[in-house]
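Worth knowing before you read on, the calculation uses all heavy atoms, side chains too, and leaves out hydrogens, waters and symmetry mates. For ligands, and for the atoms within them, numbers begin at 1 and follow the listed sequence. Please read these numbers as outputs of a predicted model, since none were measured by experiment.
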Amino acid sequence: MQKIIAANWKMYKTRDQAAQCAEALADALRTAPANPAVLVFAPFTCLDVVAKAFAAIPALAAGAQDCYPADEGAFTGEISPLMLRDAGAAWVLVGHSERRHVLGEDDALVARKTTFALEKGLSVMLCVGETLEEREAGALTAVLQRQLESVFDALPQSRRDALEGHFAVAYEPVWAIGTGRVAGHAEVLEAHALVRNLLARCIGPAAERLPVLYGGSVKPANAAGLMGLDNVDGLLVGGASLDPQSFLQIVGA
Ligand code: 13P
């Protein structure tokens, strides 16, 4: 199984700061094997400097944090997969909880973005996860099912058959993001098993080969414990990825 350790820098870092951080990662991982893959989801303005620092390093790739499902057009403020690839992105995050809950994205838009980005040659990391209210209402399964099925229902069969190496799911419980409250091992095991089963219902046995990452208050101190859990194939790290030394400790775990 391909493992992935990913940094989501969110709306942090100027180009100079991004270059410094990316070069520190490149220096540390220049000769690292390509498994685990180490991805950095950088702000749009920093993609080119991150991609340049990572060029020709097998373990490292740059990604964007969002995209719009069109090549070009009158979509003020949006950015297309073609533009992201042009700037050096190989991956894109789709459906991050901050886009769903702060910017109001719905499942239908997340599904359109996923299909379009894959069609345009970007690899997609699809983020799913429940809010605290949904969890407390016993709706974990229903939420994950809705978030995953809406994407796969929209995906043409030819794309579903070609996801390996180009698609990952990040389970990020909304209540664990940026709160310092990491999900407990039992909660992670339950949710990841659910995601794996739902993926299998959508795409069959190939689900076993798609990485499922955990995200939400991942730190150097809890990374190894999380990576040791069944069905946890990687980590998506927010705050603790901003400092290269702390992120490298997580990669090393
Ligand atoms: P934190 O690691 O800061 O909780 O953020 C998680 C996240 O949203 C990664 O996408």
Side-chain angles (χ1 to χ4, degrees), residues 3-13 17-18 21-22 25 36-44 46-47 50 61-67 84 89-105 110 113-114 117 122-132 134-135 143-144 147-148 151 167-185 187-188 191-192 195 210-227 229 232-253:
K3 310 266 182 195
I4 300 176
I5 308 295
N8 176 6
W9 286 353
K10 307 194 179 185
M11 199 175 73
Y12 291 95
K13 294 193 190 296
Q17 291 166 340
C21 194
L25 298 179
V38 178
L39 310 179
V40 171
F41 293 99
F44 301 139
C46 306
L47 275 173
V50 172
Q65 298 169 16
D66 188 31
C67 66
L84 296 176
W91 281 80
V92 65
L93 279 182
V94 176
H96 189 276
S97 81
E98 285 143 20
R99 301 230 42 103
R100 293 180 193 262
H101 299 291
V102 183
L103 283 306
E105 282 189 16
V110 170
K113 288 181 175 188
T114 302
L122 283 172
S123 298
V124 169
M125 186 175 292
L126 172 70
C127 302
V128 298
E130 81 290 3
T131 63
L132 190 57
E134 288 166 336
R135 171 168 281 268
V143 170
L144 295 180
Q147 291 175 337
L148 287 167
V151 165
F167 188 83
V169 176
Y171 168 67
E172 297 203 299
V174 180
W175 45 272
I177 295 177
T179 59
R181 179 179 166 193
V182 66
H185 284 184
E187 291 161 321
V188 176
H192 279 243
V195 169
L210 297 183
V212 181
L213 286 71
Y214 169 80
S217 296
V218 174
K219 308 286 177 222
N222 59 29
L226 289 162
M227 282 302 288
L229 299 175
V232 176
D233 311 307
L235 301 168
L236 178 56
V237 189
S241 74
L242 294 173
D243 168 45
Q245 295 321 318
S246 131
F247 184 57
L248 284 167
Q249 281 178 44
I250 292 171
V251 172

Backbone or side chain, does any N or O of G215 fall under 3.5 Å from an N or O of ligand 1? no
Min N/O separation G238 to ligand 1 under 3.5 Å: yes
Against heavy atoms of A176, which atoms of ligand 1 measure under 4.0 Å? 4 (O)
Ligand 1 to H96, heavy atom cutoff 4.0 Å, flagged ligand atoms 7 (C), 8 (O), 9 (C), 10 (O)
Should the proximity of S97 to ligand 1, defined as any heavy atom under 4.0 Å, be assigned to the side chain, the backbone, both, or neither? neither
Taking non-hydrogen atoms only, is N8 closer than 4.0 angstrom to ligand 1 via side chain, backbone, both or neither? side chain
Report the residue from L235, L213, L236, I5 that forms a side chain to side chain contact (heavy atoms under 4.5 Å, CB included) with V218. L235
When you measure from atom 3 (O) of ligand 1 to every protein heavy atom, which one gives the shortest distance, and what is it? G239 N, 2.8 Å
Nearest-contact summary for atom 6 (C) of ligand 1 - protein heavy atom, Å: E172 OE2, 3.6 Å
So which of A7, A170, G178 gets nearest to atom 1 (P) of ligand 1, if we judge by its closest heavy atom? G178
For ligand 1, is there an atom lying under 4.0 Å from some heavy atom of [X]?
| X | result |
| --- | --- |
| K10 | yes |
| G216 | yes |
| G180 | no |

